[in-house]
**Q** 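Before we start, here is the structure in question, set down as structure tokens.
Below, chains carry the letters A, B, ... as their sequence lines are ordered, and counting in each starts from 1. The analysis underlying the following values was restricted to heavy atoms, covering all of them including side chains, and did not include hydrogens, waters or symmetry mates.
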Amino acid sequence: MYKTHTCGELRLTDDGKIVKLAGWVHRRRDHGGVTFIDLRDRFGLVQIVLNPEISPEAHQLAESIRMEWVIQVEGVVRKRPEGAENPNLSTGEIEVEVHKLNVLNPAKIPPFLINKDEEADENTRLKYRYLDLRREKMRNNIELRHRVVKFIRDYLDQRGFLEIETPILFKTTPEGARDYLVPSRVHPGEFYALPQSPQQLKQLLMVAGVERYFQIARCFRDEDQRGDRQPEFTQLDLEMSFVEREDVMNLIEDLFIQLVKEVVPQKRILKIPFPRLKYQEAMDRFGKDNPDLRFGMELVNISDLAQQSGFSVFDQAILNGGSVRGINAKGLGDYTRKQIDELTEFVKQFGAKGLAYIAYTSAGEIRSTFAKFLSPQLQQAIFDRMQAEKGDLLLFVADKVEIVYETLGRLRVFLAEKLNLLDPNVLAFCWVIDFPYVVWNEEEKRWDPSHHLFTSPMPEDIPLLDIDPGKARGQQYDLVLNNYEIGGGSIRIHDRQLQEKVFKLIGLDPDVARERFGHMLEAFEYGTPPHGGIAPGIDRICMILAGEPNIREVIAFPKNQAARDVMADAPSPVEEKQLEELHIRVVYPTDSQKS
RNA sequence: GGUCCCGUGGUGUAGCGGCCAAACAUGCGGCCCUGUCAAGGCCGAGAUCGCGGGUUCAAAUCCCGUCGGGACCGCCA
């Protein structure tokens with residue numbers, strides 16, 4: 001054994017013990033006479049002392065040692081001299097007096113500092129990820145992730161769930177995200193696809209009678225990156241038989257309440273039980289189906305008031321079937337014209353033509369883009385409805401309702417960030433339910449499933465599928481946390497006729513449906529229990545719990561925005577021989593196709 | 001496919017037409033120092049400012065292009 005103890009565990013009670021320690025040189029303090037080294041391993045830091053009077057050899061050798069060298073020491077645990085304790089260190093009451101020092105492996109000078117939390121260039125961090133992971137923040141994040149997953153496994157195990165692995169090499173499903181394809185060597189011209197999620201397989205496990213299944217499942221989607229999206233990511237994939245919507249929601253809600261209590265006790269859940277918002281309510285109040293409930297500034301509909309104003313921008317919007325809504329940016333009434341212009345630019349990105357406002361300055365003055373249409377009565381009515389006080393800034397968007405939602409929903413979050421209203425220690429979970437079952441795809445002139453095509457409609461809305469599909473609601477539920485959708489699920493269809501009806505509704509050709517999903521349809525005829533499930537995203541959850549701005553910070557070896565692993569430099573070209581075996585010929589894009 | 005932002009010693013930043021062959025911190029090298037813990041003191045090395053082109057008497061600084069990175073839109077059932 002290289003070590004008898006870890007660097008984090010020695011205490012005053014170990015005083016006098018002979019120990020062996022091994023780890024990395026975190027810092028070295030050479031006083032000419034005595035030399036101190038903070039020795040680090042994954043479990044902590046401990047100060048080791050090299051005294052020439054104890055061991056001249058060790059002290060001599062320590063001269064040459066540099067940061068991040070891997071060393072081993074043998075020595076005696078000593079209580080530190082009076083006044084030399086370090087209260088910032090859990091091992092700060094003791095130190096290890098070194099009798100023997102062993103260099104296990106020297107280290108080059110690292111490209112960034114391991115012992116400081118100073119930001120380093122992310123590209124460099126990714127290239128030397130193994131060094132980045134030594135740093136305290138990343139070590140904590142990776143450990144947090146372990147705690148989260150461990151908690152989930154234990155929690156579900158105690159409740160009768162089985163963790164079952166499903167294939168990584170599976171079948172393409174072109175209706176979702178773009179698939180990652182894997183060519184078959186033994187079947188020329190045929191391909192596996194990496195799963196976008198184990199959706200079909202977990203449903204088939206329900207047909208198989210598993211009843212309670214989960215998996216910490218890797219999922220793959222070949223779409224462009226975002227801070228909260230990687231080409232491969234991890235879901236808690238879960239499915240249960242003989243359950244209704246409430247059953248799944250209640251289980252998951254309790255799981256997260258307990259998880260927070262155990263893994264991040266310093267964080268506070270805003271509301272228990274989690275608020276449940278109907279989709280329409282979420283849109284009306286927050287403009288998004290993933291609302292951040294940590295702050296107010298809710299949208300207010302003033303279409304009826306705006307109608308009387310005579311302000312043509314408002315009239316036009318309403319005449320075209322749109323609406324006029326606003327938010328009260330509390331305390332921004334003294335914003336300058338320039339600052340408001342900035343907000344206007346912001347909403348224009350998302351399709352708004354402009355931003356109307358009423359600034360009620362702290363001095364009590366009114367400034368407004370539609371001042372001359374603002375009769376005292378109208379102004380009062382708007383102020384009443386929006387609870388405006390001196391010092392407030394009322395911001396309005398008049399447009400098609402989708403654009404109003406989109407722009408005000410984003411503006412609301414944008415302002416909250418600016419105003420520092422987003423407390424990272426508060427966890428505002430909520431459920432969003434009663435989603436529309438299908439949404440009209442204008443481009444393709446067809447109905448698209450708003451969740452996925454195995455989702456069951458609300459039983460009472462099934463007749464609507466024939467007469468007015470847009471009005472039907474799905475048995476879908478999204479779990480939302482602080483402005484992120486962290487999981488979506490639904491009660492599934494377990495009846496072949498209904499499933500075929502849905503395929504037809506969304507314009508899936510029966511032959512194509514049989515080819516792609518024949519195994520599902522057939523399975524449904526062999527005694528399928530009612531079932532449903534959910535798939536919370538582990539990366540996003542860990543990101544929020546760790547207070548990180550993107551999921552790369554909670555993934556050991558993430559890819560960059562261009563979907564590249566910059567450490568190993570993947571993807572990479574392959575040998576011609578490999579391509580031959582796979583019956584593949586590469587056709588490179590020409591310059592004109594590239595641009 | 002598109003929009004925006006960034007690119008200065010190893011790292012993080014400053015400089016944003018002449019005062020800059022570039023400043024500060026940290027790291028790195030050397031010397032001094034027996035109780036420090038972000039040790040300290042002294043000395044030193046290290047960037048032609050991502051790359052290419054242009055404007056100008058003069059470019060790290062302005063413009064165009066390009067490469068790299070990031071944020072976002074599209075996309076993500």
**Q** Output the rounded distance in Å from CD (A:Glu63) to C1' (B:C31).
**A**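 Distance check: A:Glu63 CD to B:C31 C1' gives 12 Å.
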
**Q** Is there a Watson-Crick or G-U wobble partner for B:A38 with both distances under 3.5 Å, and which nucleotide is it?
**A**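 Across all strands, not a single nucleotide pairs with B:A38.
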
**Q** Strictly below 4.0 Å, N to O, side chains only: are A:Asp539 and A:Arg552 in salt-bridge contact?
**A**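 So A:Asp539 does not pair with A:Arg552 through a salt bridge.
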
**Q** Do the two ring centres, one from A:His31 and one from A:Phe36, sit under 6.0 Å apart?
**A**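 Between A:His31 and A:Phe36, the centre distance is under 6.0 Å.
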
**Q** Nearest whole Å is fine: how far is B:C72 P from A:Lys348 NZ?
**A**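 Distance check: A:Lys348 NZ to B:C72 P gives 23 Å.
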
**Q** Counting any heavy atom closer than 4.0 Å, what does A:Asn560 reach on the DNA or RNA strands: base, sugar-phosphate only, or nothing?
**A**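 Since only primed, P, OP1 and OP2 atoms lie under 4.0 Å of A:Asn560, the category is sugar-phosphate.
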
**Q** Return the nearest nucleotide to the side chain of A:Arg226; candidates are B:G69, B:G35, B:G74.
**A**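 In terms of side-chain proximity for A:Arg226, the closest of B:G69, B:G35, B:G74 is B:G74.
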
**Q** Taking atom types as they are modelled, is there a donor-acceptor pair under 3.5 Å from the base of B:C76 to the side chain of A:Arg229?
**A**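 Under the 3.5 Å cut-off, the side chain and the base do form a donor-acceptor pair.
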
**Q** List the protein contact pattern of nucleotides 6-16 of chain B with one symbol per nucleotide (5' to 3'): B for base contact, S for sugar-phosphate-only contact, - for none; contact means a heavy-atom distance under 4.0 Å.
**A** ----SBS----

**Q** Cation-pi check, A:Arg496 to A:Phe524: give yes when NZ or CZ is under 6.0 Å from the six-membered ring centre and within 45° of the ring axis, no otherwise.
**A**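 No, cation not above the ring by the 6.0 Å, 45° rule.
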
**Q** Which nucleotide wins on minimum distance to the side chain of A:Asn123, given the candidates B:C37, B:A71, B:G68?
**A**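 Of all the options, the side chain of A:Asn123 is nearest to B:G68.
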
**Q** Does the separation of the ring centres of A:Trp69 and A:Trp24 fall below 6.0 angstrom?
**A**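 No: the rings miss the under 6.0 Å criterion.
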
**Q** Please work out whether the ring planes of A:Trp440 and A:Trp447 are parallel, tilted or perpendicular, with thresholds of 30° and 60°.
**A**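 Perpendicular, since the angle between the ring planes exceeds 60°.
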
**Q** How many whole angstroms separate atom CG of A:Asp224 from atom C1' of B:G2?
**A**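 Rounded to the whole Å, the gap is 11 Å.
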
**Q** Which part of the nucleic acid, if any, lies within reach of A:Glu95 when heavy atoms closer than 4.0 Å are counted: base, sugar-phosphate only, or nothing?
**A**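 Contact class for A:Glu95: base.
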
**Q** Measure from CD1 on A:Ile48 to P on B:U36 and round the result to the nearest Å.
**A**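 Between P of B:U36 and CD1 of A:Ile48: 18 Å.
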
**Q** Using a cut-off of strictly less than 4.0 Å, decide whether A:Arg552 has a side-chain nitrogen or oxygen near OP1 or OP2 of B:A71.
**A**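 The answer is yes; a side-chain N or O of A:Arg552 sits under 4.0 Å from OP1 or OP2.
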
**Q** Return the minimal non-hydrogen interatomic distance between A:Gly533 and A:Tyr477, and the atom names on each side.
**A**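 Where A:Gly533 meets A:Tyr477 most closely, the heavy atoms are O-OH, 2.8 Å.
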
**Q** Is it the case that B:U3 (base atoms only) and A:Gln349 (side chain only) share a donor and an acceptor within less than 3.5 Å, ignoring hydrogens and angles?
**A**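 Between B:U3 and A:Gln349, which were checked side chain against base, a qualifying N/O pair under 3.5 Å is absent.
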
**Q** With a 3.5 angstrom cut-off on both distances, give the Watson-Crick or G-U wobble partner of B:C33, or none if there isn't one.
**A**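 Its partner: none found.
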
**Q** Taking CZ from A:Arg27 and C1' from B:C37, how many angstroms apart are they, rounded to a whole number?
**A**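 Atom CZ in A:Arg27 sits about 8 Å away from atom C1' in B:C37.
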
**Q** Ring centroids only, cut at 6.0 angstrom: are A:Phe454 and A:Phe517 within range, meaning strictly under it?
**A**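 Close enough - the centres of the two rings lie under 6.0 Å apart.
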
**Q** Could you state the atom-to-atom distance from CD1 of A:Ile403 to C1' of B:C73 in whole Å?
**A**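 One finds 14 Å between C1' of B:C73 and CD1 of A:Ile403, rounded.
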
**Q** Using a 4.0 Å heavy-atom cut-off across all strands, classify A:Gly227 as base, sugar-phosphate, or nothing.
**A**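 Touches sugar-phosphate only.
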
**Q** Expressed as a whole number of angstroms, how long is the span from A:Asn86:CG to B:U36:P?
**A**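 Between P of B:U36 and CG of A:Asn86: 11 Å.
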
**Q** Measure from the ring centre of A:His31 to the centre of the six-membered ring in the base of B:A39, then say whether that distance is under 5.5 Å and the planes meet at under 30°.
**A**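 By the stated criterion, A:His31 and B:A39 stack.
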
**Q** Just name whichever nucleotide pairs with B:U55, Watson-Crick or G-U, keeping both distances under 3.5 Å, else none.
**A**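 Paired with no nucleotide.
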
**Q** Who is the Watson-Crick or G-U wobble partner of B:A23, with both distances under 3.5 Å?
**A**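 Because both required distances fall under 3.5 Å, B:A23 counts as paired with B:U13.
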
**Q** Could you identify the nucleotide paired to B:G46, looking across every strand shown and requiring Watson-Crick or G-U wobble geometry with both distances under 3.5 Å?
**A**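 Base-paired to nothing in any strand shown.
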
**Q** What integer distance in Å separates A:Phe36:CZ from B:G40:P?
**A**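 From A:Phe36 CZ to B:G40 P: 14 Å.
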
**Q** Going by an N to O cut-off under 4.0 Å, is there a salt bridge joining A:Asp569 and A:Arg564?
**A**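 Answer for the salt bridge query: yes.
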
**Q** Counting only Watson-Crick or G-U wobble pairs whose two distances fall under 3.5 Å, which nucleotide matches B:G7?
**A**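 Per the H-bond distance test, B:C67.
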
**Q** Please classify the nucleic acid contact of A:Phe454 as base, sugar-phosphate, or nothing, using heavy-atom distances under 4.0 Å.
**A**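 Here A:Phe454 touches no strand at all.
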
**Q** Does A:Arg29 make a side-chain donor-acceptor contact with the base of B:C33, cut-off 3.5 Å?
**A**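 Absent.
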
